[in-house]
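The structure appears right after this line, and notes come after that.
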Amino acid sequence: MNLAIDIGNTFSKMAVFSDGNITETYRYPEISENITESIFNDYPEIKKTILSSVKNIDPKIIELIKSKSKIFIELSETTKIPIENLYHSKSTLGKDRLASAVGANNIFPNTNVLVIDMGTAITIDFVNDKNQYLGGNISPGLETRFKALNHFTGKLPLLQKKEQFDVLAKNTEDAIISGVQNGIIYELDGYINHLKNNYDDLKVILTGGDAFFFDKKLKNTIFVNSNLNFIGLNIILETNTAQ
């Protein structure tokens with residue numbers, strides 16, 4: 001069994017794999033020694049672990065994971081991956097972005113595929129049909145945009161996403177909601193349309209916390225996979241430990 005750990009800006013997420021399939025997933029505000037210990041106690045068959053983190057982790061947790069795993073890999077720019085990485089500043093590329101790109105390529109190999117990850121930030125990442133990661137872009141996520149309007153203005157309230165919204169709003173609260181949500185929709189549809197015009201048979205995968213909120217609101221046909229990052233991490237783990 002394998003364990004994939006993804007430490008993000010907002011949550012710490014973990015997935016247990018058995019024979020390449022996800023057996024269990026966990027999500028916590030913060031990872032801890034007790035949480036880590038309990039997962040290994042529940043699944044003593046775990047032999048290999050991969051860690052991807054956007055922030056520093058308590059060294060005691062790292063040592064605990066190493067002590068419980070026969071093989072431990074901490075994802076970095078030097079870790080072997082099954083696609084060609086053409087990003088210029090590999091050391092600054094988010095590990096979650098790289099893992100999702102690998103996961104997307106595993107689902108659609110030898111295919112042009114765009115990954116849209118909708119979390120604290122919205123990231124778009126593109127892998128071409130030659131299995132090359134070409135890069136992508138980063139912009140504020142849904143909740144981040146609402147918070148920014150509230151924080152950087154004197155009178156605009158802090159609002160949350162709303163299922164029903166118009167193109168043109170008739171009051172200020174609806175104008176914020178429509179502006180934020182339509183802005184994201186037009187932004188993403190613009191990227192998708194541009195890439196469709198330049199790359200044949202483009203596949204689009206949506207992942208991240210707000211993926212299901214937007215999947216039916218985009219004009220383009222997309223696939224939603226909330227475990228894309230985990231899939232990529234497990235593929236990277238297997239790539240580095242294959243006999």
Side-chain angles (χ1 to χ4, degrees), residues 2-15 17 20 22 25 27 31 48-57 62 65 69 71-141 188 191-192 195 199 202-211 222-242:
N2 295 347
L3 177 63
I5 305 175
D6 173 30
I7 310 298
N9 291 302
T10 308
F11 290 101
S12 296
K13 294 157 284 187
M14 287 151 278
F17 284 81
I22 294 178
T25 60
R27 188 171 82 158
I31 192 172
K48 298 185 287 187
T49 301
I50 185 168
L51 169 67
S52 168
S53 180
V54 301
K55 54 189 177 182
N56 294 328
I57 304 298
I62 300 292
I65 296 170
S69 308
I71 296 174
F72 171 73
I73 292 175
E74 187 168 2
L75 183 60
S76 72
E77 67 272 16
T78 62
T79 305
K80 180 181 177 182
I81 59 173
I83 60 175
E84 185 179 2
N85 184 359
L86 298 182
Y87 205 67
H88 289 175
S89 57
K90 293 179 177 61
S91 63
T92 63
L93 174 61
K95 310 305 182 295
D96 51 345
R97 295 175 61 192
L98 186 60
S100 292
V102 170
N105 177 256
N106 177 256
I107 296 171
F108 295 112
N110 308 307
T111 304
N112 295 310
V113 56
L114 176 68
V115 178
I116 301 173
D117 191 336
M118 310 197 70
T120 305
I122 295 174
T123 60
I124 68 159
D125 294 285
F126 180 68
V127 181
N128 66 14
D129 56 9
K130 297 180 178 64
N131 304 317
Q132 297 171 316
Y133 172 72
L134 300 187
N137 292 325
I138 306 171
S139 66
L188 298 182
Y191 280 123
I192 295 169
L195 289 169
Y199 295 93
L202 180 73
K203 305 297 184 185
V204 182
I205 303 180
L206 211 61
T207 191
D210 289 314
I222 59 175
F223 301 88
V224 178
N225 190 319
S226 58
N227 291 319
L228 188 63
N229 191 272
F230 286 139
I231 293 171
L233 287 174
N234 192 58
I235 293 296
I236 295 170
L237 180 58
E238 289 297 327
T239 297
N240 283 269
T241 57

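Of the inter-residue distances, the one linking D210 atom CG with I122 atom CD1 reads 7.5 Å to the nearest 0.5 angstrom. How far CG of D6 is from CZ of R27: 11.5 Å, rounded to the nearest 0.5 Å. Here the CD1-OG1 distance, from I231 to T207, works out to 8.5 Å after rounding to the nearest 0.5 Å. Atom CD of E74 and atom CD1 of I57 lie 8.0 Å apart (nearest 0.5 Å). Taking CD1 of I235 as the reference point, atom CG of N106 lies at 4.0 Å (rounded to 0.5 Å).
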Enumerate donor-acceptor pairs with a distance under 3.5 Å from any side-chain N or O in residues 222-230 to protein atoms, sequence neighbours excluded.
| from | atom 1 | to | atom 2 | distance (Å) |
| --- | --- | --- | --- | --- |
| N225 | OD1 | N227 | N | 2.9 |
| N225 | OD1 | L228 | N | 3.2 |
| N229 | ND2 | D96 | O | 3.0 |

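In this structure, Y87 and L98 have side chains that are not in contact, with every pair of non-hydrogen atoms separated by 4.5 Å or more. Looking only at side-chain heavy atoms (C-beta outward), N2 and I50 stay at 4.5 Å or farther from each other. Looking only at side-chain heavy atoms (C-beta outward), I236 and N240 come within less than 4.5 Å of each other. In this structure the side chain of L3 never reaches within 4.5 angstrom of the side chain of S69, judged on heavy atoms. M118 is listed as a side-chain neighbour of L188, based on a closest heavy-atom distance under 4.5 Å. For the pair I5 and S12, the minimum side-chain heavy-atom distance is 4.5 Å or more. Side-chain contact check for I81 versus T239: every heavy-atom pair is 4.5 Å or farther apart. For the pair K55/I7, a side-chain contact is recorded, criterion being any heavy-atom separation below 4.5 Å from C-beta on.
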Side chain to side chain contact (heavy atoms under 4.5 Å, CB included) assessment of N112 paired with F126 | CA-CA 7 Å; N112 295 310; F126 180 68; 3.8 Å; yes
Going through the checks in order, is the side chain to side chain contact (heavy atoms under 4.5 Å, CB included) test met by V204 and I116?
-> CA-CA 8 Å; V204 182; I116 301 173; 4.0 Å; yes
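When all heavy atoms of I124 and L114 are compared, the closest pair comes out as CB-CD1, 4.1 Å. In this structure, V54 and G8 approach most closely via the heavy-atom pair CG2-C, 3.5 Å. Heavy-atom minimum distance, L134 versus Y199: CD1-OH, 3.8 Å. Across every non-hydrogen atom of V102 and G232, the tightest pair is CG1-O, 3.8 Å. Considering all non-hydrogen atoms of both residues, A101 and V115 come closest at CA-CG2, 4.4 Å. In terms of heavy-atom proximity, I138 sits nearest to A121 at CG2-CB, 4.0 Å.
When the side chain to side chain donor-acceptor pair (under 3.5 Å) test is applied to N85, no partner is found at least two apart in sequence or on another chain. For F72, the ring-ring contact (aromatic ring centres under 6.0 Å, His included) criterion is met by no residue, not counting sequence neighbours. For N105, the side-chain contact (heavy atoms from CB on, under 4.5 Å) partners two or more places apart in sequence, or in a different chain, are I83, V127, N131. Residues meeting the side chain to side chain donor-acceptor pair (under 3.5 Å) test with N137, sequence neighbours left out: Y191. With sequence neighbours excluded, the residues that form a side chain to side chain donor-acceptor pair (under 3.5 Å) with S139 are R145, E187. For T78, the side chain to side chain donor-acceptor pair (under 3.5 Å) partners two or more places apart in sequence, or in a different chain, are S76.
Residue pairs meeting the salt bridge (charged side-chain N to carboxylate O under 4.0 Å, His left out) criterion with at least one partner in residues 75-92, sequence neighbours excluded, do not occur; the list is empty. For residues 97-123, the pairs satisfying salt bridge (charged side-chain N to carboxylate O under 4.0 Å, His left out) are R97-D125, with sequence neighbours left out.
Side-chain contact annotation: T241 with K48, donor-acceptor N/O pair under 3.5 Å present.
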